[in-house]
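So that the names make sense, note that chain A is the first sequence line, chain B the second, and so on, each numbered from 1.
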2 protein chains.
Amino acid sequence: MAATIHDVARLAGVAISTVSKVMSDSPRISALTKNRVREAMQQLNYHPSRHARGLARNCTETLGVLMPLRRNSAFQNPYVFEILCGIERHCASQHYSVMLLDAEALASKPKAVQQLVAERKVDGVILHADLHAPQLIRQFTALALPFVVIGRQPGHHSWVDVDNVHAGEIATAHLLAQGYQHLQFIGNHLHDTISADRLQGFLRALESQHLQPCAPPLYAQAGHYAEGLGLWARLQQLPMRPDAIVVAGNPLAAGVMAAAQADGIRIGYELGIVSFDEYPYAEQTQPPLSVVDIDLFALGEQAAREWFLQWNKPTHCSQSLLLDQRLLVRASSSR
Amino acid sequence: MAATIHDVARLAGVAISTVSKVMSDSPRISALTKNRVREAMQQLNYHPSRHARGLARNCTETLGVLMPLRRNSAFQNPYVFEILCGIERHCASQHYSVMLLDAEALASKPKAVQQLVAERKVDGVILHADLHAPQLIRQFTALALPFVVIGRQPGHHSWVDVDNVHAGEIATAHLLAQGYQHLQFIGNHLHDTISADRLQGFLRALESQHLQPCAPPLYAQAGHYAEGLGLWARLQQLPMRPDAIVVAGNPLAAGVMAAAQADGIRIGYELGIVSFDEYPYAEQTQPPLSVVDIDLFALGEQAAREWFLQWNKPTHCSQSLLLDQRLLVRASSSR
DNA sequence: TTGTACGCGTTATCAC
DNA sequence: GTGATAACGCGTACAA
């Protein structure tokens, strides 16, 4: 079997407590013995048992991530898995492990969360601001389990989110800089908070140039590609036709673009289009779509970073927006 | 803090060893005391500490899953995350947790695998048959860590895989049943084993009807949408033009279809097309694409099931193909 | 500066 | 049937 702390101690000719102190790099151990002990560890390929350590220190060095883990989740919602990758990356840098947890399972059985902390499976969790969130947040708070929410969420707790307002500004400012003048906004659907934020940024960017939107925003029902056709038709009926559009959703933008092209409009000349997110369509449309891209991997890293701040200082609480977004200029908006 | 076995014992008026026996449902404990103890557990909301249990039994009730966790992994490769969901589902049913592990990190640092088992982080792992696999498999075997590979992989160890040969048969048989007669195969690229398997099924299905392929298979370079145009042009130069095509990759199929339509070909009438996987394009093409769909979630579940068989009986070793595939007939192939 | 001894929460092996 | 008690491997006060 694997070597234990006793084996190391014996080989190095010291007591186990000395070995333990070397591991925590205690300043009261001579450099000489430290070296001897470390060499013994190397030789025996020693790694402390996480169970024993967890038992003694009452922590797990494991962070739970609540995810939607239904069938088709990865296809319908690759975003959260991209965030997951970022979380894992940062955790690994802190020698923490990531445990996958099914958000629905946890939310549907009220005792499940209690069990999670009673079994001491994780030191804390990261969750998404979805419909289960409010209930779960209440439970985590009650059980004093440190957590970070991905996505803005009311209440006194840490969250991180993408700054969609800023993204809207970036997109709009770019179109203006390209010389487009009559700008229109299209949202995914009326009650989509992401669309709302992007609209806000759109308006702010226009305002800063003392401009007005071409017409009130239009909205799709669900943000699907196919809806783009109908929206294009509605745009044609406006008193003042836009020469550029900021579309909140990438699939919707592809649809609008296709419909416009079917009418003989040259995208990127008569009509500029900017949308958001590289995925799923941006690079594959004809012409390629300009987008403001969001670094979800970085968002995951930041969520994890935030969690560790809180773990090390339980009173810590921060609510921060990720500003790191890059505009990818492609043919759909470059005259 | 959470209740311990001592608290339960005290409340039930028994010794801790009795409580432990009740947990393992020992037959030599009277039904009466069992009930008393169980009631106490309920009342105190007791759940055994996984660290203490792990220390005593030397197992972790955790399964590691090796994944590609780079930036953009979730977008480029949602398939493995779908499999991950299936793994988690089955593990949860066995009261096991899933730990996420970065395959690259593990493969790039030779000591990382040793550390994994020395720390007793996981009872075993599931990994994908990618380029790191051979090296990792060697290490896991040497360290006697139970593992299951997703994807066929030479050697004496358990793996599960999708039966791509069978999928190719299904696709081809469907086209023949629709009355198409001159069938052509297009692969993603020459050295893609998945394409090779699908081709084998294609040939087998033709053979069983005493038919020949229209021409030798064609191959793309990478399987991208854009390559479809060039392939369509090459098809036009064949001495005998196919009236139906089995395309190994879904994006490629969408490209070929678009190119054919640009030439005025009516898809589903003059030309039948069948491809594989629902994702990313199948339902969104014009017309919708017929595909043989693979249940990756089920594949994940089966991999986990396989792992538990091996965990419970270390000599167990099975190499099995998932047959569970369904043909989704859409307009691209239905006359 | 180093070593001893106990506690962490459980399982398993014995006695009774 | 039930109850002591010794592991399991590590952290840590306290003693030396």
Remember a base hit wins even if backbone is also touched, and classify [X] as base, sugar-phosphate or nothing at under 4.0 Å, heavy atoms.
X	result
A:Thr33	sugar-phosphate
A:Ser20	base
B:Arg57	sugar-phosphate

Do the ring planes of B:Phe147 and B:Phe140 sit parallel (below 30°), tilted (30 to 60°) or perpendicular (above 60°)?
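Rings of B:Phe147 and B:Phe140: tilted, 30 to 60°.
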Hey, could you give me each pair passing salt bridge (charged side-chain N to carboxylate O under 4.0 Å, His left out) that has a residue in residues 129-147 of chain B? Not counting sequence neighbours.
none
Calculate the interatomic distance between [X] atom [atom1] and [N] atom [atom2]; express it in whole Å.
X	N	atom1	atom2	answer
A:Ile16	C:dG7	CD1	P	15 Å
B:Asn58	C:dA12	CG	P	12 Å
A:Ile5	C:dT4	CD1	C1'	14 Å
A:His51	C:dG7	NE2	C1'	19 Å
B:His6	C:dT10	NE2	P	8 Å
B:Lys21	C:dA12	NZ	C1'	8 Å
B:Leu55	C:dG9	CG	P	12 Å

With nearest nucleotides of DNA chain C determined for B:Val19 and A:Gly13 from heavy-atom distances, which residue corresponds to the more 5′ nucleotide?
A:Gly13
For B:Arg28 and B:Ser49, take the nucleotide of DNA chain C holding the closest heavy atom to each; which residue's nucleotide lies nearer the 5' end?
B:Ser49
For B:Ala56 and for B:Ala15, locate the closest nucleotide of DNA chain D by heavy-atom distance; then report the residue assigned to the nucleotide nearer the 5' terminus.
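Closest to the 5' end, via its nearest nucleotide, is B:Ala15.
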Please enumerate all residues that pass salt bridge (Lys or Arg N to Asp or Glu O under 4.0 Å) together with B:Arg53, with sequence neighbours excluded.
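Result, salt bridge (Lys or Arg N to Asp or Glu O under 4.0 Å) vs B:Arg53: none returned.
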Any N or O donor-acceptor pair linking the side chain of A:Ser17 to the base of C:dG3 at under 3.5 Å?
yes
Passing option when B:Ser158 is tested against B:His316, B:Gln319, B:Gln310 for side chain to side chain donor-acceptor pair (under 3.5 Å):
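Of the listed options, the one satisfying the test is B:Gln310.
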A quick test of your reading: do over 12 heavy atoms of other residues, nucleotides or ligands sit less than 6.0 Å from CD of A:Gln76?
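Counting neighbours around CD of A:Gln76, more than 12 heavy atoms of other residues, nucleotides or ligands fall under 6.0 Å, so yes.
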Can you tell if the side chain of A:Asn58 reaches within under 4.5 Å of the side chain of A:Arg120, non-hydrogen atoms only?
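A side-chain contact exists here, since the closest heavy-atom pair is under 4.5 Å.
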Report yes if the side chains of B:Leu63 and B:Ile126 come closer than 4.5 Å at any heavy-atom pair, otherwise no.
yes
Going 5' to 3' along DNA chain D, between which two nucleotides do contacts with chain A fall, using a heavy-atom cut-off of 4.0 Å?
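First and last nucleotides in contact are D:dG9 to D:dT12.
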